[in-house]
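Notes follow the structure.
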There are 2 protein chains.
Amino acid sequence: MPSAEPLPVSDLGGALLGLLARGPGTGYDLTRQMHRPVGYFWSAQHSQIYGELTRLEQDGLIRGRDVDGAGPRQSRRWSITSAGRRALHAFVTTPPPDRPTRSRLAVQAYSLWLADPDAARAMVQQVRRRHVELLADYAHEDAELGSPAVGDPEFGNAAALRMGVLGAEGMVAWCDWVLEALERG
Amino acid sequence: MPSAEPLPVSDLGGALLGLLARGPGTGYDLTRQMHRPVGYFWSAQHSQIYGELTRLEQDGLIRGRDVDGAGPRQSRRWSITSAGRRALHAFVTTPPPDRPTRSRLAVQAYSLWLADPDAARAMVQQVRRRHVELLADYAHEDAELGSPAVGDPEFGNAAALRMGVLGAEGMVAWCDWVLEALERG
DNA sequence: TCCAACATGTAATTAGTTACATGATTAG
DNA sequence: CTAATCATGTAACTAATTACATGTTGGA
C-alpha cells in the first residue's frame with residue numbers, strides 16, 4: 001500500500017514544487033523564476049537548485065525528461081508528479097515552525113543607540129528608498145493581476161504580493177519612525 | 001599602524017556584540033538573551049553561539065575571563081573590546097545586503113491556490129493567533145519602555161520592538177485578507 | 001570579435017540545526 | 001529522589017553562498 005503521509009519537503013523544495021505546479025521547466029528556468037514573485041521572498045543560487053531538483057526526483061516528487069536546449073549540455077525539463085502535488089498540498093497547509101523571522105535589520109536596530117546619528121540616518125534612508133522602490137514594483141505586478149478566484153494560480157501571486165506590500169509598508173513606516181526619533185535627537 | 005577598516009562580522013556576530021555592548025555575560029547568558037528582544041528577530045542554538053564567541057575572541061572583538069560558575073566547568077565571562085565596539089559601529093550603519101527576506105509563509109502563500117480551503121483557513125487562523133499573541137508580548141515590553149533618547153541602549157530595544165509591532169500588524173492584516181478571500185470563495 | 005544569454009554541473013566554505021555528552025547545585 | 005537549572009562543549013548533519021568550470025549560439 002502507498003504511504004498515507006506525503007514526504008516532507010524543505011522550504012526550497014516547496015518553492016520549486018510551487019513553481020512546477022504551474023507548469024514544467026528546466027533548472028535554468030526555475031533559477032530565473034526565483035525572482036518575481038516567489039523570489040521576492042525566497043532566493044537560491046542555481047548550484048543549490050540543481051541539487052534540490054535531484055533530491056526531489058529521487059523522492060519521486062518531480063520527473064525529468066531530456067530535451068536538447070541551446071546550451072552545450074542536455075537540458076532537463078522537470079514536471080511535478082502526483083506524489084509531488086500531494087507533498088506540496090501538505091507543505092502549504094502545515095503552519096510554519098514558530099521560529100523568529102531572521103531580520104538582520106532588526107539586529108542592527110538593536111544597536112542603533114550607539115551609532116553616529118548621521119551614519120544611522122543615511123543607512124535608514126537607504127533602506128527606506130529600497131522599500132519604496134519595492135512597493136513600486138509590487139504595484140506594477142498588482143496592476144496586471146486584479147482579483148483572481150482562490151482556485152486560480154494567480155491567487156497565489158496575489159497572496160504573496162499582498163504580503164510583500166504589507167511588509168514593505170511596515171518597513172517604510174519603521175524607517176519614518178526612526179528618522180523622526182533621530183530628528184528629535 | 002592599525003587597520004582603518006574594522007573587521008566585518010556576521011549577523012550572529014553583530015547580535016552577540018550588540019548584547020555585549022550593553023554589558024558582559026557568559027555564553028549561557030547570551031544564549032538566554034537571544035530571546036526578548038533581539039531574539040524576536042534572531043535565534044541561535046548555544047552550539048552556534050559558543051563557536052561564534054571563539055571566533056570573535058580570535059578577531060580581538062571580545063575578551064573572555066574565567067570565572068567559577070555553578071556548573072561543572074569553568075565559566076567564561078565575555079566583554080566587548082574597543083575593536084569590537086568599532087566593528088559593531090560599522091555593522092549597524094552598513095545597509096543590509098539587498099537579498100529578499102526569506103519567508104516560508106510567503107512561499108506557502110504562493111501555492112495556496114491549490115490547497116483545500118478549509119485546511120488553508122485553519123493554517124492561516126493559527127498564524128493569525130500567533131501574531132496576535134506576539135503583539136501582546138510586544139505591548140508588555142513596550143509598556144515598560146517609554147520613549148528613550150536615541151543615545152540610550154533602551155532606544156535599541158524600542159527600535160527593534162517597533163519593527164516587531166509593525167511586522168506583526170502586517171501579518172495579522174495579511175491573514176485577514178486571506179481569510180476574507182477564502183470566505184468569498 | 002567580443003559579450004551576453006543559454007544551461008548545467010562540482011567544490012569549497014560558512015551558517016545553522018539537532019543530537020550527544022558531562023556533571024554540579026538547588027527547589028520541590 | 002527527581003527534575004530543572006546551571007554551563008560548556010563536540011559531532012553530525014542540512015542549508016546556503018561563492019567560486020570554479022565548460023562550451024554553444026546570437027546579436028552589437
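Per chain, numbering begins at 1; letters A, B, ... match sequence-line order.
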Handout entry: Spacing of A:C175 atom SG and B:L166 atom CG [to the nearest 0.5 Å]
Key = 10.0 Å
Practice task
Answer yes or no: does a side-chain N or O of A:T31 lie under 4.0 Å from OP1 or OP2 of C:dA7?
Solution key: no
Problem - Between D:dT8 (C1') and B:R32 (CZ): distance, integer Å - result: 14 Å
Exercise for the section: Name the nucleic acid region contacted by B:T26, choosing base, sugar-phosphate or nothing; use a 4.0 angstrom heavy-atom cut-off, strictly under. Expected result: sugar-phosphate
Exercise for the section: Specify the separation, in whole Å, of atom CG of B:L30 and atom P of D:dA7. Expected result: 12 Å
Exercise for the section: Using a heavy-atom cut-off of under 4.0 Å over every strand shown, decide if A:R102 touches base, sugar-phosphate, or nothing. Expected result: sugar-phosphate
Problem - Under-4.0 Å side-chain N/O to phosphate OP1/OP2 contact, B:R104 with D:dA15 - result: no
Exercise for the section: Whole angstrom is fine here: how far is it from CZ in A:R77 over to P in C:dT8? Expected result: 11 Å
Exercise for the section: Please state how far atom CG in A:D29 lies from atom P in C:dT8, giving the value in whole angstrom units. Expected result: 8 Å
Fill in the blank from the handout: From CD of A:Q33 across to P of C:dA7 the rounded distance in Å is 13 Å
Practice task
Indicate whether OP1 or OP2 belonging to C:dT8 is found under 4.0 Å from a side-chain N or O atom of A:Y28.
Solution key: no
Handout entry: Centroid-centroid distance, B:Y138 to B:Y40, less than 6.0 Å
Key = yes
Exercise for the section: Could you check how far CD of A:E52 sits from P of D:dT14, rounded to whole Å? Expected result: 12 Å
Practice task
Identify, between B:D11 and A:R76, the residue whose nearest nucleotide on DNA chain C lies closer to the 5' end.
Solution key: A:R76
Handout entry: Any B:I80 side-chain heavy atom under 4.5 Å of B:L61 side chain
Key = no
Practice task
Rounded off to whole Å, could you give me the CD-to-P distance for the B:Q45 and D:dA15 pair?
Solution key: 15 Å
Problem - Any A:Y50 side-chain nitrogen or oxygen under 4.0 Å from OP1 or OP2 of C:dT8 - result: yes
Problem - Below 4.0 Å: OP1/OP2 of D:dA15 and any side-chain N or O of A:Q48 - result: no
Practice task
Answer yes or no: does a side-chain N or O of B:R55 lie under 4.0 Å from OP1 or OP2 of C:dA15?
Solution key: yes
Fill in the blank from the handout: Among C:dT10, C:dG16, C:dA15, the one nearest any side-chain atom of A:H46 is C:dT10
Exercise for the section: For A:L12 and for B:G51, find the nucleotide of DNA chain D with the closest heavy atom, then tell me which residue's nucleotide is more 5'. Expected result: B:G51
Practice task
Would you check if there is a donor-acceptor pair between the side chains of B:R76 and B:Y50 at a distance under 3.5 Å?
Solution key: no
Practice task
Grab the CZ-C1' distance between A:R65 and C:dA7 for me, whole Å please.
Solution key: 20 Å
Exercise for the section: Indicate, with a heavy-atom threshold strictly under 4.0 Å, whether A:S47 touches base, sugar-phosphate, or nothing. Expected result: base
Practice task
Indicate yes or no for a side-chain donor-acceptor contact from B:E154 to the backbone of B:L145 under 3.5 Å, with no hydrogens or angles considered.
Solution key: no
